[in-house]
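The first residue of the sequence shown is numbered 1, and numbering continues consecutively from there. Both counts, for ligands and for their atoms, begin at 1 and track the order of listing.
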Amino acid sequence: MTIGTTIHSFSTCPSTNDLAKRLAREGSAEGTVVLAEEQTEGRGTKGRSWHSPRGQGLYASIILRPLRADLSLLPLAAGVACLEAIREATGLEAALEWPNDIVWKHRKLGGILCEGEFLGSAVSFAVLGIGLNIGQIRDDFPAALRRTATSLRLALGREVDRAAVETALWPVLDRWYTTWVRGRKEEIVRTYESRLVIPAGADVEVRREEGTLRGVYRGIDLRARLKLEKDGKEILLSPAEILAIDYN
Ligand code: BTN
């Protein structure tokens with residue numbers, strides 16, 4: 001399997017993830033990429049929307065047909081791949097925020113939305129959705145995002161060729177997907193931790209539906225959970241239960 005051997009490019013669509021799911025249900029091969037110039041209903045994690053203006057971002061979804069059912073480390077491997085592709089295409093050293101944010105100076109550059117479709121306990125397919133802000137300037141972002149979002153153009157102070165980022169992305173994504181398929185979890189987690197913005201041993205405040213939790217950050221486990229030490233005990237927090245994280 002090679003990611004990017006088949007690429008379907010659309011001028012517009014509601015969400016490349018939804019389109020990729022439809023193509024996967026219709027039998028499209030593993031590694032097929034769905035790209036769009038704009039999304040009218042781009043989706044983020046936790047039911048949020050993903051601002052997807054025409055021509056200003058990379059909106060891609062990749063169809064995967066993994067044999068393993070535990071997808072938890074897949075978006076983390078994809079995050080590492082995105083950083084490598086950004087570095088290769090532009091020289092920028094972006095970073096990661098747990099679980100799936102790509103950031104530059106604490107502002108969000110991109111994100112990953114990994115969705116699996118299951119048949120019983122087996123995965124029929126997974127769709128790895130990647131959104132990267134490429135060409136936006138400050139006023140291109142809606143007011144609500146202006147203080148928290150950034151783009152490669154803003155980070156680098158120059159225009160960025162989206163095609164160069166895409167070209168760099170498929171092979172590194174393929175390599176990290178293969179690492180994941182082969183079950184090399186330690187390699188994924190160690191690389192991921194090394195690119196996380198939270199320093200080991202930082203005091204962390206985690207906001208959840210059930211209330212705020214404070215503790216010391218102790219790394220990421222092999223199921224993508226955040227390890228927090230509190231009162232001498234280890235607490236494992238899964239991405240789904242976290243609303244926001246602050247640290248110092
Ligand atoms: C996040 O909330 O950080 C994840 C954002 C993921 C956005 C991408 S853009 C391509 C794909 N299609 C979608 O509707 N969402 C993902």
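- For atom 4 (C) of ligand 1, the nearest non-hydrogen atom from the set V127, I112, D101 comes from I112.
- Inspection of the S52 and Q39 side chains reveals an N or O donor paired with an N or O acceptor under 3.5 Å.
- Rounding to the nearest 0.5 angstrom, the gap separating the OG1 atom in T167 from the CZ atom in R162 is 11.0 Å.
- Atom 15 (N) of ligand 1 has its closest protein heavy atom at R43 O, 2.7 Å.
- Some N or O of K108 is nearer than 3.5 Å to an N or O of ligand 1, by distance alone.
- Ligand-side atoms of ligand 1 in range of G42: 14 (O), range being under 4.0 angstrom from any heavy atom.
- Closest protein heavy atom to atom 2 (O) of ligand 1: T45 N, 2.8 Å.
- Only the backbone of A60 comes within contact range of ligand 1, with a heavy atom under 4.0 Å; no side-chain atom does.
- Residue contacts with ligand 1, taken as heavy atom pairs separated by less than 4.0 Å, do not involve N100 at all.
- T148 places a side-chain N or O within 3.5 Å of a backbone atom of L145 that can act as its donor or acceptor partner.
- Counting only distance, with no hydrogens or angles, the side chain of R195 and the backbone of A94 share a donor-acceptor pair below 3.5 Å.
- Residue-level proximity to ligand 1 for Q39 is carried by the side chain, the only part with a heavy atom below 4.0 angstrom.
- Below 3.5 Å of separation, one finds no N or O of Y59 facing any N or O of ligand 1.
- Between the side chain of E30 and the backbone N or O of R65, at least one donor-acceptor pair lies under 3.5 Å.
- In this structure, the side chain of E115 does not engage the main chain of L113 through any donor-acceptor pair within 3.5 Å.
- At a 4.0 Å heavy-atom cut-off, ligand 1 touches I130 through the backbone alone.
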Next item on the list: Step by step, work out the salt bridge (Lys or Arg N to Asp or Glu O under 4.0 Å) result for K108 and D101.
Entry: CA-CA 7 Å; K108 189 153 168 166; D101 288 356; 2.8 Å; yes
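- Formation of a donor-acceptor pair under 3.5 Å by the T212 side chain with backbone atoms of R208 is not found in this model.
- Judged by distance alone, with hydrogens and angles left aside, the side-chain atoms of S28 form no donor-acceptor pair with the main-chain N or O of A24 at under 3.5 Å.
- The nearest heavy-atom contact from the protein to atom 10 (C) of ligand 1 is T16 OG1, 3.2 Å.
- For a threshold of 3.5 Å applied to N or O pairs, the pair formed by W50 and ligand 1 contains no separation below that value.
- Less than 4.0 angstrom separates some heavy atom of G44 from each of these atoms of ligand 1: 1 (C), 2 (O), 4 (C), 5 (C).
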